[in-house]
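The model shown is predicted, which means the values in this text are computed figures rather than measured ones. Numbering of ligands and ligand atoms starts at 1, following listing order.
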Amino acid sequence: MADLKKGGREEILKLLLLAYPSFISGEEVAHKLGVSRVAVWKEIQKLKARGFPVASGRQGYALLSLPDVLDPPYLCCLLADQPFVQKLVVEKELFSTNTQAKLLAQQGAPEGTLVICEHQKSGRGRMGRSWFSLPGKSLTFSLVVRPPLPPPVSSLALLVGLALAWTLETRGFSPQLKWPNDLLLQGKKVAGVLLESSLEMDLVDYLVVGVGVNLNLLPDEFPSSLREQATSLYIVSGKEWSRVEFLRKFLAVFAPQYHNWKKEGVFTPWIEDYERRSFLRGKKVCASWGKESLEGVAEGIEQDGSLILRVANGERRTLAWGEVSIVS
Ligand code: BTN
């Protein structure tokens, strides 16, 4: 009978994940992998030593929970049922997953490349800001996509925001979206999206979609400058949230929407869903971009993802990018 080589070991993990949360018998695992039951038992001990909570009993083996570890082979197994993910890059530490994803995209990384890390040393936010995260407490990842579209494609960032909102709603939260792509819980920011693009001959070469979610941060773990404006799922719910489960759900929600968006790159089919969750709609806001600014009432979203503002003289203006704050 064959020995379990490294790939085979991960096959055991895959079988446990497929059966999760039920048991799978040692006999079935041995049969499927063409190895002895003793070899299976030995490998289960190794999985336990790696931190996987595997129960052993008369019915066989079962994973007790999905551990929240960014272990590359484990994530590979966990995301094996997500056809969107074509290439997975898992690192302990990076300067920024967006910077790394851009580098990989320049080297030809395919659509569906996912870059994730435990800790970002200099995570980047919109408008040149930094993005704060803590190992184990924040989810930070980037996706490379290559829609064959001409610009503008910024509405993809709104779609990612909406997919994050849907993901949170499946977990019982009531998020709001602040144009263009901030996700708020109880009026405070819980997640953000950074979309970076590269064009070639007036068509998209690649886009990098970076997502940062505050999952398990405590109030005093945020830098004092952010405490008033930022929150986490833990702060709102009093419960810890798993990064890997959140990621898996997000990808399952996002992928089919992305494939529809990619056909034309317009936001029309999602405007109603977005506006229903809009934090700004109907409010008086001040929008700024570059050195310019404008006050008006936020009326809605255009089909290219721009924000519609009704300004004092009744004129309708649209804003393709910028920063918006509520005028009290
Ligand atoms: C914002 O709201 O300003 C956007 C925040 C985006 C942060 C994420 S974290 C993962 C990815 N890598 C980065 O450096 N930034 C994005």
Side-chain angles (χ1 to χ4, degrees), residues 70 75 85 88-106 109 113-145 154-165 167-168 175-185 187-198 206-217 221-223 225-233 241 243-244 246-247 250-251 254 274 277-280 287-289 305 307 321-325:
L70 304 187
L75 271 189
V85 181
L88 181 61
V89 178
V90 187
E91 300 288 351
K92 278 256 166 302
E93 194 169 71
L94 286 173
F95 284 104
S96 147
T97 55
N98 259 44
T99 307
Q100 189 66 16
K102 270 163 70 175
L103 197 75
L104 294 170
Q106 282 153 15
T113 298
L114 168 64
V115 181
I116 182 164
C117 74
E118 189 74 46
H119 181 51
Q120 292 191 130
K121 285 191 280 185
S122 41
R124 296 187 288 111
R126 289 182 66 240
M127 322 289 279
R129 287 187 290 251
S130 58
W131 180 257
F132 175 78
S133 60
L134 281 182
K137 303 224 163 184
S138 315
L139 174 63
T140 51
F141 67 92
S142 301
L143 293 170
V144 176
V145 290
S154 50
S155 66
L156 178 61
L158 276 69
L159 187 65
V160 173
L162 190 55
L164 286 168
T167 306
L168 285 176
Q176 283 187 298
L177 287 154
K178 177 167 174 278
W179 185 89
N181 40 38
D182 286 357
L183 212 71
L184 309 184
L185 282 179
K188 292 185 172 194
K189 184 156 166 173
V190 72
V193 180
L194 177 64
L195 178 71
E196 298 186 283
S197 57
S198 170
Y206 66 80
L207 302 176
V208 169
V209 181
V211 177
V213 188
N214 303 330
L215 288 182
N216 298 316
L217 291 143
E221 286 175 327
F222 285 101
S225 58
L226 295 180
R227 264 173 226 164
E228 289 298 306
Q229 331 143 28
T231 192
S232 70
L233 300 192
W241 295 84
R243 292 167 302 170
V244 296
F246 190 98
L247 175 67
F250 167 78
L251 290 170
F254 171 68
Y274 188 96
R277 294 165 178 82
S278 169
F279 178 69
L280 299 176
S288 55
W289 65 103
L307 179 70
W321 67 282
E323 190 67 359
V324 181
S325 55

For Glu196, give me all partners under salt bridge (Lys or Arg N to Asp or Glu O under 4.0 Å), at least two apart in sequence or on another chain.
Lys102, Arg124

So, using side-chain contact (heavy atoms from CB on, under 4.5 Å) as the criterion, who are the partners of Ala101 when residues are at least two apart?
Val115, Ser142, Val144, Val208

Can you pull the residues with any heavy atom under 4.0 Å from ligand 1?
Ser96, Thr97, Asn98, Gln120, Gly123, Arg124, Gly125, Arg126, Trp131, Thr140, Phe141, Ser142, Asp182, Lys189, Gly192, Val193, Leu194, Gly210, Val211, Gly212

Could you tell me whether Lys178 sits above the aromatic face of Phe279, with NZ or CZ closer than 6.0 angstrom to the six-membered ring centre and within 45 degrees of the axis?
no

Listed partners of Trp241 passing ring pair (Phe, Tyr, Trp, His ring centres under 6.0 Å), at least two apart:
Phe173

Tell me the closest heavy-atom pair linking Ala230 and Lys188, and the distance in Å.
O-CD, 3.7 Å

Side chain of Ser96, backbone of Thr99: donor and acceptor closer than 3.5 Å?
yes

